[in-house]
Chemist: 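Input: one structure, supplied below.
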Amino acid sequence: MIDPNSLPYYNPEVDRKVAVITGGNSGIGWYTVLHLYMHGFTVYLCGRTSHKIKKAINEITIEAEARLGLLEKEVDDFGKDIHLGSLRYIHMDLTDLKCVEKAAQKLLKLEDKIDVLINNAAILAIPYELTKDGFEIQLQTNYIAHFLLTMRLLPAIKKCHGRIITLGSLGHRLEVTYWNLNKKWDYKPNMIFTWFRYAVAKTASIQYTKMLSIKYPEVLCLSLHPGLVMNTNLFSYWTRLPIVGMFFWLFFQIIGYFVGVSNEQGSLATLHCALSPDLTPERDNGKYFTTGGVESKCSYVANNLDDAASTWIWTIHELKDRGFNI
Ligand SMILES: NC(=O)c1ccc[n+]([C@@H]2O[C@H](COP(=O)([O-])OP(=O)(O)OC[C@H]3O[C@@H](n4cnc5c(N)ncnc54)[C@H](OP(=O)(O)O)[C@@H]3O)[C@@H](O)[C@H]2O)c1
């Protein structure tokens, strides 16, 4: 696992760095924001629930202050200084594409360059539902809304040869052959088919990151599986179910005990991809990483460029039909 202290620390007054992250108020995103903030970044937390984001900003600020003294000693060994960055809230509900568009416009007004975009937010294995834009809810939240956000922010990312980091998941491997994105997977039992819908969304996320790396070689585009992190809110639909929720909770805890990592360890792959000076667009563009920042391989389907191109074209058309020209 990478040591976040080994990553570059920036002084915002000398070298201002900007990061945009979706879903930074809980789980893996929370620790990602904490470390970016401690590395001197101005971080925009894009989320749908203002009180949750504001609470996270408060907690992260307190946690950073508490870690500062100890960290300054540790970081001294690497010959680095710590300057805290700043944390800002942007309203963005990924189930509403107009809201995503508006948020992107606001970000572009506030910042003319974005060093790192982290497409982190997601929902997992929830019942079938269509968004107001007419997409299956996991597909839109986990993939399509991030596609739109990325394309809108691209000019600002290109300006500084920035990075685009996409949170995939081990779960993408459930898509064992390429599945047409028009297929809804609205079958019963939900307990099984909802995972197929998650797999489609995560495969598409990895595919478009790969396509981005080819279309925009100057921007470093990476995707990753953060590890199995069982104490985030991702599993809460299951653990909050009446009666059976308790068993799911126990089941997830057992998995976590044997093969899981902590929420903070879950953020390390993202931090490595977002900050490591060892990664370059020339050598690493389009790669996939796993727990702790280890280079890995995604599934055959996610890696197949013909399938990735099909996903890309499908998405452009679907967005155009809804009035979003890419
Ligand atoms: N945990 C794992 O084991 C695991 C494994 C593989 C991959 N991942 C991936 O890691 C990433 C982070 O997951 P996590 O485990 O940290 O989960 P988490 O704690 O549930 O965080 C998910 C974040 O997404 C936000 N979000 C959900 N729907 C949204 C919407 N419509 N608009 C805006 N924000 C929305 C949530 O905001 P609210 O608080 O407002 O709901 C929350 O901040 C996800 O991409 C996930 O697929 C996790």
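Only this structure's heavy atoms are used, side chains among them; waters, hydrogens and symmetry mates stay out. Source: prediction; values computed, not measured.
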Chemist: Within a reach of under 6.0 Å around CH2 of W249, are more than 12 heavy atoms found that belong to other residues, nucleotides or ligands?
Modeler: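 Not more than 12 within 6.0 Å, no.
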Chemist: Please determine whether a side-chain nitrogen of the Lys or Arg among R283 and E295 lies less than 4.0 Å from a carboxylate oxygen of the Asp or Glu.
Modeler: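 So R283 does not pair with E295 through a salt bridge.
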Chemist: Quick test of your reading: applying ring-ring contact (aromatic ring centres under 6.0 Å, His included), list the pairs with at least one residue in residues 275-314, sequence neighbours left out, ordered by first then second residue.
Modeler: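 Every pair satisfying ring-ring contact (aromatic ring centres under 6.0 Å, His included) with a residue in residues 275-314: F147-W312, H172-Y288, H272-F289.
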Chemist: Of the options L149, L117, V100, which is the one that meets T22 in a side chain to side chain contact (heavy atoms under 4.5 Å, CB included)?
Modeler: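 Only match with T22 under side chain to side chain contact (heavy atoms under 4.5 Å, CB included): L149.
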Chemist: With heavy-atom distances below 4.5 Å as the criterion, would you say the side chains of I118 and L36 are in contact?
Modeler: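 The answer is yes; the side chains approach within 4.5 Å.
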Chemist: What's the shortest heavy-atom distance between M92 and A103, and which atoms?
Modeler: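 Taking every non-hydrogen atom into account, CE-CB, 3.6 Å.
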Chemist: Less than 3.5 Å apart, any donor N or O on the side chain of Y37 or H35 sitting next to an acceptor on the other?
Modeler: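 H35 and Y37 do not have a side-chain donor-acceptor pair below 3.5 Å.
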Chemist: Check whether any side-chain heavy atom of L271 sits under 4.5 Å from a side-chain heavy atom of T32, and report yes or no.
Modeler: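 When only atoms from C-beta onward are counted, T32 and L271 do touch, with a gap below 4.5 Å.
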Chemist: With a 4.5 Å limit on heavy-atom distance, are the side chains of I21 and C46 in contact?
Modeler: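 Counting from C-beta outward, I21 and C46 never come under 4.5 Å.
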Chemist: Give every donor-acceptor pair under 3.5 Å between a side-chain atom in residues 210-221 and any protein atom, sequence neighbours left out.
Modeler:
residue : atom : partner : partner atom : Å
K210    : NZ   : G286    : O            : 3.1
K210    : NZ   : N303    : OD1          : 2.9
S213    : OG   : K210    : O            : 2.6

Chemist: More than 12 non-hydrogen atoms from neighbouring residues, nucleotides or ligands closer than 6.0 Å to CZ on R322, yes or no?
Modeler: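 Above 12, so yes.
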Chemist: Using a cut-off of 6.0 Å, state whether more than 12 heavy atoms not belonging to Y9 lie near its atom OH.
Modeler: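 Yes, OH of Y9 has more than 12 neighbouring heavy atoms, counting only those of other groups under 6.0 Å.
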Chemist: Any pair with a residue in residues 117-129 that passes side-chain hydrogen bond (donor to acceptor under 3.5 Å, both in side chains), sequence neighbours left out, goes on the list, sorted by first then second residue, please.
Modeler: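 Residue pairs with at least one partner in residues 117-129: N119-T150, N119-Y208.
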Chemist: In terms of heavy-atom contacts, does NZ of K113 have more than 12 from other residues, nucleotides or ligands at under 6.0 Å?
Modeler: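 Result for NZ/K113: enclosed.
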Chemist: Please confirm whether F235 and F248 have ring centers closer than 6.0 angstrom.
Modeler: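 No, too far apart.
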Chemist: Given side chains that start at C-beta, do those of E318 and I144 come closer than 4.5 Å, heavy atoms only?
Modeler: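 With C-beta onward as the side chain, the pair stays apart.
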